[in-house]
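First comes the structure, then the notes that go with it.
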Amino acid sequence: MTVSRPRHAEQGDWSCALPLQIVRDVNNALKEKSAERSNPLKIAETIVRRLPDSPILGRVEVARPGFINMFLNPQWLAAQTGEIVQQGADYFRLPLGQGKRVQVEFVSANPTGPLHFGGARNAAIGDTLARLLENSGYEVQREYYINDRGNQMNIFAETLWRRYQQLHGIDVEIPADGYPGAYMIEYARQIQAEQGDSLLSLSDEQAIPRFRELGLEVVTTELSTDLGMMRVYFDNWFSEQSLYEDGTFEHVSTLLREQDDLYIKDDAVWFRASRYLPNSDRDEVFIRSNGEPGYYASDIAYHYNKFITRGFDWVINVWAVDHQNQAARMPAMMKALGLDPERLTIVLYDLVTLRRGGQEVKLSKRSGEMVTMREVLEEVGADAARYLLLSHSNEARIDFDIELAVAQNNENPVYYVQYAHARVSSILRKAQEQGLDWRQADLSLLQHETELTLLHKMLQLPEIVAEAVQRLAPHLLPHYALDLARTFTKFYDACRVLSSDPADAELSRARLQLVQATQIALAHTLELMGMSAPESM
RNA sequence: GCCCCCGUAGCUCAGUGGAUAGAGCAGAGGACUUCUAAUCCUAAGGUCGCAGGUUCGAAUCCUGCCGGGGGUGCCA
């Protein structure tokens, strides 16, 4: 049996369509007994008559064509104010995870340059999912997977080496397929600052591995700093290369070979993915004909490490939609490793197009004119970036307009939400300055429609979090935040909290508790999104 | 060709089997001796891409089509 929240207030706080859903079965059963047929309204009335008494439940109504509409007891609702104030943000936390160990792997962009702005969406989604899970009783690890091996890294290292040589006046060209961006010169300068000209004597064969190492250090430091600007921090930076150094790759290869999952065709080693996927006859390259393991080989070794070596119960990978094909073949890998594919969830999100007042800005890393995440963050700030990137469902594309994001006016919902928190804080601050003490209050005085609506809205927060976790849909948060802020502002508009009239003192104390509860709920929601909760604006 | 995602108000988007499809912004009209007007109130605005189907009930599920984007065996 399910209950849902109806759209219209007169249809109750909770509604149940059970009578409509079961009327057929009921009538079939009655027919067997040759009894008179029933109908949804009758069934609803029967259910309502038998509902047990509950302090939570107020009146219950039957509505055509067979809904049961339930209203919360306003007294109980008002009393929740005190519960929220007492328990703080814990009031809104549900123990969904029960200590399950979950890893969220996100961003994981190639370490060959600064993050472009598309990476910011990945960061926002991944980090917010991690926050949602942490707040729902999961033990969460945030991981960045560093693709520190393979061809792109070599080209990166060679470009860096040439830039370093150029800085010392040596006439060399960067490779034709190299990284032309100016940031590569900046990286070379950093290496020059640390190493001076001591590396100039190296041969190309010596220099490239060395510059791989040095370059990786420079880039990952920069990535970490830039992501920090967005309040995104990783518990672990995992090296792809390490899978080949610690024997994981060898071990997994042996395992698959023993299972007869590998075969040779066209000088390459193939993984028999097709035997694990019922509707596919497609296998995957495991080791390329040039002897290098393909990325799928790394993926298998990596996930062996995640599940078997490190024992995560659940792993979530946040990938851009252009990896959809890769995502589709992950279940084959899981089955080959003897793991339940359900334990791995790939969250796919669509791309971000960046605009500046309608004009599209390209985000390519290989072209020199890219817009980095850092540049955008410096301009719009982490709060606006996170809010706007989160407010669309993962599958939807985003047009991110920088001019709109920085607009400090009512076109921008970011500030509306934060402004509500600032207002709440301002009232509490003022009350404190007046020496008021609202720890004891008669909460049954909270009877105004806007007061009860506000409470009701706060009670929805755990449901929103639960749904966001269940669907891995962080976009529910900004929509809820706006809704909560709006509900508060309507209360603020209708109900005076502080009053100089002593006759209002009791009501004022109750309302101060309500305001404090709102502060807790708003701050918690902002916290889940990784946004700041300003005390004043 | 095949696979995945999207198509909802003028714009940006929620709504993933329930009742009268909702917000924000823009546009129209109104409200400031205020606990912060970065605000509030009112009205207006929709063939939910199109056509079938399943269901008591479909924006939501199924099929086909149209439009946009992405993917499509040795880059990741």
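In this text the structure is predicted, and so the values were computed from the model without any measurement.
Pairing for B:U33 is absent, with no Watson-Crick or G-U wobble pair whose two atom distances lie under 3.5 Å. Nucleotide B:G1: paired with B:U72 (Watson-Crick or G-U wobble, both distances less than 3.5 Å).
Across the protein-nucleic acid pair, A:Q11 atom CD and B:G22 atom C1' stand 14 Å apart, rounded to whole Å. In this structure, A:D350 places its CG atom 10 Å from P of B:G71, rounding to the nearest Å.
Relative to the ring axis of A:Y349, A:R121 does not place its NZ or CZ within 45° and under 6.0 Å from the centre.
Picking from B:C35, B:A19, B:A76 the nucleotide with the shortest atom distance to the side chain of A:S15 gives B:A19. You'll find that the side chain of A:R496 is closest to B:C35, out of B:G73, B:A14, B:C35. Of the listed nucleotides (B:A38, B:A76, B:A14), B:A38 has the atom at the smallest distance from the side chain of A:M537. For A:L20, whose side chain is taken as the heavy atoms from C-beta onward, the closest listed nucleotide among B:C35, B:G18, B:C4 is B:G18.
No hydrogens or angles were tested; on distance alone, nothing pairs the side chain of A:Y415 with the base of B:A38 as donor and acceptor under 3.5 Å.
None of A:Q152, A:Q241, A:E240 except one satisfies the side-chain contact (heavy atoms from CB on, under 4.5 Å) rule with A:N147; the exception is A:E240.
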Using a 3.5 Å cut-off and no angle test, enumerate the donor-acceptor pairs between side-chain atoms of residues 509-521 of chain A and protein atoms at least two apart in sequence or in another chain.
from: A:R509; atom 1: NE; to: A:Q440; atom 2: O; distance (Å): 3.4
from: A:R509; atom 1: NH2; to: A:E506; atom 2: OE1; distance (Å): 2.6
from: A:R511; atom 1: NE; to: A:E451; atom 2: OE2; distance (Å): 2.5
from: A:R511; atom 1: NH1; to: A:R496; atom 2: O; distance (Å): 2.8
from: A:R511; atom 1: NH2; to: A:E451; atom 2: OE2; distance (Å): 3.2
from: A:Q513; atom 1: NE2; to: A:W438; atom 2: O; distance (Å): 3.1
from: A:Q513; atom 1: NE2; to: A:R439; atom 2: O; distance (Å): 3.0
from: A:Q516; atom 1: OE1; to: A:W438; atom 2: NE1; distance (Å): 2.7
from: A:T518; atom 1: OG1; to: A:L514; atom 2: O; distance (Å): 2.8
from: A:Q519; atom 1: NE2; to: A:S425; atom 2: OG; distance (Å): 3.2

Please enumerate all protein N or O atoms sitting under 3.5 Å from an N or O of nucleotides 39-49 of chain B, with distances to 0.1 Å.
from: B:U39; atom 1: OP2; to: A:N410; atom 2: ND2; distance (Å): 3.3
from: B:C40; atom 1: OP1; to: A:Y416; atom 2: OH; distance (Å): 2.4
from: B:C40; atom 1: OP1; to: A:R486; atom 2: NH1; distance (Å): 2.8
from: B:C40; atom 1: O2'; to: A:D493; atom 2: OD2; distance (Å): 2.6
from: B:C41; atom 1: OP1; to: A:K490; atom 2: NZ; distance (Å): 3.2

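Judged purely by atom type and a 3.5 angstrom limit, A:D281 has no side-chain atom pairing as donor or acceptor with the backbone of A:S274.
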